[in-house]
Trainee: 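Mind having a look at this structure? Questions to follow.
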Amino acid sequence: MTNARIDVQHFKLEVADRVATVRLDRPDRKNPLTFDSYAELRGWFRDLHYVDDVDVVIFASNGGNFSSGGDVHDIIGPLTRMNMKELMQFTRMTGDLVKAIMNCGKPVIAAVDGICVGAGAIIAMASDMRIATPEAKTAFLFTRVGLAGCDMGACAILPRIIGQSRAAELLYTGRSMSAQEGEAWGFYSRLVAADDLMTQAQEMAGRIKAGPNFAHMMTKTMLNQEWSMSIDQAIEAEAQAQAICMQTEDFKRAYDAFVAKEKPVFEGD
């Protein structure tokens with residue numbers, strides 16, 4: 001096992017007290033993604049599954065915005081000149097970023113302010129939890145540029161979060177979902193003032209970090225895997241997952257603390 005890579009070049013990264021904070025770092029352009037940032041984020045989240053010094057990730061906003069999606073000049077323009085093989089390599093890479101976020105083994109909190117559209121909205125969607133400011137504007141813009149709404153898993157994941165009809169409306173029209181709609185529909189778990197956004201995200205990360213992190217990994221795994229299971233399969237998978245967690249030292253620590261009428265201190269093993 002290793003420590004998290006911090007020598008990234010195409011996004012901003014801070015690791016402190018077992019919490020990694022990731023930001024796209026082009027605030028003058030509302031933080032668009034490029035070919036390089038897509039690839040580096042994909043690789044970083046893939047590696048995170050094998051990292052010891054990070055328990056929680058905050059994917060944060062920067063300069064009042066989350067992300068404006070794929071850069072029009074750096075991505076959209078070149079895509080119009082690619083052949084089919086090159087296009088498939090790109091679309092698979094972007095989908096691999098979503099899979100990497102969902103399979104990284106660490107809870108991911110999206111802290112969304114301002115513009116959160118296109119691939120930026122997908123990153124928020126792929127996160128485990130999402131909090132936002134009242135100024136957040138979230139849109140799945142793919143039809144606005146002549147593409148299908150089924151990008152990076154949107155047709156599979158978004159309906160599970162906000163419901164089929166609401167997801168269909170957003171994916172067909174490309175219109176913005178207001179922060180208030182996002183909270184009412186369950187996309188955002190809460191709305192907070194912009195000045196409090198990172199404080200709230202860090203408090204949420206702190207509560208998760210203080211818990212049994214091996215068990216959190218199992219929870220994230222089950223949340224993702226059970227989408228494609230029957231109820232019977234899910235119950236059996238959870239029985240196996242819980243039996244595994246019952247062999248951890250954290251489970252024993254919780255019992256010992258309960259007997260001693262103390263608060264357990266989990267260590268993730």
Side-chain angles (χ1 to χ4, degrees), residues 1 20 42 45-52 54-59 92 94-110 112 121-131 138 140 149-171 177 182-190 201 204-205 207-255 258 264 266-269:
M1 303 293 282
R42 174 195 58 178
F45 274 101
R46 277 180 174 172
D47 292 343
L48 197 59
H49 197 85
Y50 307 100
V51 161
D52 276 332
V54 171
D55 292 329
V56 188
V57 178
I58 300 173
F59 206 120
R92 284 174 173 151
T94 62
D96 282 345
L97 172 57
V98 171
K99 289 189 280 187
I101 292 171
M102 297 180 72
N103 295 314
C104 71
K106 320 286 181 176
V108 179
I109 303 165
V112 178
I122 295 288
I123 289 171
M125 178 192 76
S127 301
D128 296 277
M129 295 149 281
R130 293 161 294 276
I131 59 176
T138 309
F140 299 83
C150 58
D151 201 48
M152 300 171 69
C155 285
I157 301 171
L158 189 61
R160 289 177 165 90
I161 300 173
I162 66 172
Q164 184 82 5
S165 180
R166 290 165 175 163
E169 179 189 346
L170 295 182
L171 296 176
M177 173 177 62
E183 183 185 32
W185 294 355
F187 190 82
Y188 293 115
S189 59
R190 71 183 75 162
M204 184 183 294
R207 290 186 65 181
I208 295 169
K209 180 188 65 175
N213 290 299
F214 178 87
H216 289 336
M217 179 273 292
M218 297 296 284
T219 300
K220 177 160 183 155
T221 299
M222 291 296 99
L223 280 168
N224 293 328
Q225 289 185 355
E226 289 181 32
W227 283 5
S228 58
M229 293 180 183
S230 68
I231 296 297
D232 283 353
Q233 290 170 329
I235 291 171
E236 174 58 23
E238 291 192 5
Q240 295 177 24
Q242 205 70 302
I244 291 169
C245 290
M246 288 172 183
Q247 289 195 322
T248 63
E249 293 301 315
D250 273 346
F251 182 60
K252 296 175 185 175
R253 290 185 187 102
Y255 172 73
F258 178 81
F266 295 114
E267 298 183 22
D269 59 348

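The structure presented is a predicted model; accordingly, all values stated were derived computationally and were not measured.
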Trainee: Restricting to non-hydrogen atoms, name the atom on I131 and the atom on A201 that form the minimum distance, rounded to 0.1 Å.
Mentor: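 Closest heavy-atom pair between I131 and A201: CD1-N, 3.6 Å.
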Trainee: According to the salt bridge (Lys or Arg N to Asp or Glu O under 4.0 Å) rule, which pairs have a member within residues 223-249, sequence neighbours left out?
Mentor: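 Every pair satisfying salt bridge (Lys or Arg N to Asp or Glu O under 4.0 Å) with a residue in residues 223-249: E249-K252.
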Trainee: List the residues meeting salt bridge (charged side-chain N to carboxylate O under 4.0 Å, His left out) with R253, not counting sequence neighbours, and say none if there are none.
Mentor: D250, E267, D269
Trainee: So which heavy atom on A121 is nearest to which on F140, and how close?
Mentor: CB-CE2, 3.7 Å
Trainee: Tabulate below the donor-acceptor pairs under 3.5 Å that side-chain atoms of residues 149-171 make, not counting sequence neighbours, or state none.
Mentor:
| from | atom 1 | to | atom 2 | distance (Å) |
| --- | --- | --- | --- | --- |
| R160 | NH1 | A156 | O | 2.5 |
| E169 | OE2 | R175 | NE | 2.7 |
| E169 | OE2 | R175 | NH2 | 3.1 |

Trainee: To the nearest 0.5 Å, what is the distance between CZ on R42 and CZ on R92?
Mentor: 12.5 Å
Trainee: What are the two closest non-hydrogen atoms of F251 and M246, and how far apart are they?
Mentor: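 F251 and M246 have their closest heavy atoms at CD2-O, 3.2 Å.
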Trainee: Under the salt bridge (charged side-chain N to carboxylate O under 4.0 Å, His left out) rule, collect the residues that match up with R46, sequence neighbours excluded.
Mentor: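 For R46 the salt bridge (charged side-chain N to carboxylate O under 4.0 Å, His left out) partners, ignoring immediate neighbours, are D96.
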Trainee: Can you label the angle between the F59 ring and the F45 ring as parallel, tilted or perpendicular, going by 30° and 60°?
Mentor: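 Rings of F59 and F45: parallel, as their planes differ by under 30°.
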Trainee: For Q233 and S230, indicate whether the former's side chain and the latter's backbone hold a donor-acceptor pair under 3.5 Å.
Mentor: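 Yes; judged by distance alone, with no hydrogens or angles, the pair exists.
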Trainee: What's the spacing between Q240 CD and I235 CD1 if we round to 0.5 Å?
Mentor: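 Output value for this atom pair is 12.5 Å.
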Trainee: Taking the side chain as every heavy atom from C-beta outward, state whether I109 and V57 have any atom pair closer than 4.5 Å.
Mentor: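 Sidechains of V57 and I109: no contact.
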Trainee: With sequence neighbours left out, which residue pairs that include part of residues 121-130 fulfil the side chain to side chain donor-acceptor pair (under 3.5 Å) condition?
Mentor: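 Qualifying pairs, neighbours excluded: D128-K220.
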Trainee: Does a side-chain heavy-atom distance below 4.5 Å link N213 with F266?
Mentor: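 They are not in contact (no side-chain heavy atoms under 4.5 Å apart), so the answer is no.
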Trainee: If you look at every heavy atom in V108 and C104, which pair is closest and at what distance?
Mentor: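 For V108 and C104, the tightest heavy-atom pair comes out as CG2-SG, 4.0 Å.
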Trainee: What closest approach, in Å, do F214 and G268 show between heavy atoms, and which atom pair accounts for it?
Mentor: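 Reported closest heavy-atom pair: CB-O, 3.8 Å.
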Trainee: If you compare all heavy atoms of P107 against all heavy atoms of H216, which two are closest, and at what distance to 0.1 Å?
Mentor: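 Residues P107 and H216, closest heavy atoms: CG-CB, 4.3 Å.
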Trainee: For the CG atom of L48 and the CD1 atom of I101, what is their distance to the nearest 0.5 Å?
Mentor: 10.5 Å
Trainee: Backbone N or O of V56 within a donor-acceptor pair of the K209 side chain at under 3.5 Å?
Mentor: no
Trainee: Got a second to check how far I123's CD1 is from L97's CG, nearest 0.5 Å?
Mentor: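 I123 atom CD1 to L97 atom CG measures 5.0 Å (nearest 0.5 Å).
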Trainee: Applying side-chain hydrogen bond (donor to acceptor under 3.5 Å, both in side chains), can you list everything that pairs with Q242, at least two apart in sequence or on another chain?
Mentor: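 Counting only residues at least two positions away or on another chain, Q242 forms no side-chain hydrogen bond (donor to acceptor under 3.5 Å, both in side chains).
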Trainee: Would I208 and D55 satisfy side-chain contact (heavy atoms from CB on, under 4.5 Å), going step by step from the backbone distance to the final call?
Mentor: CA-CA 8 Å; I208 295 169; D55 292 329; over 6 Å; no
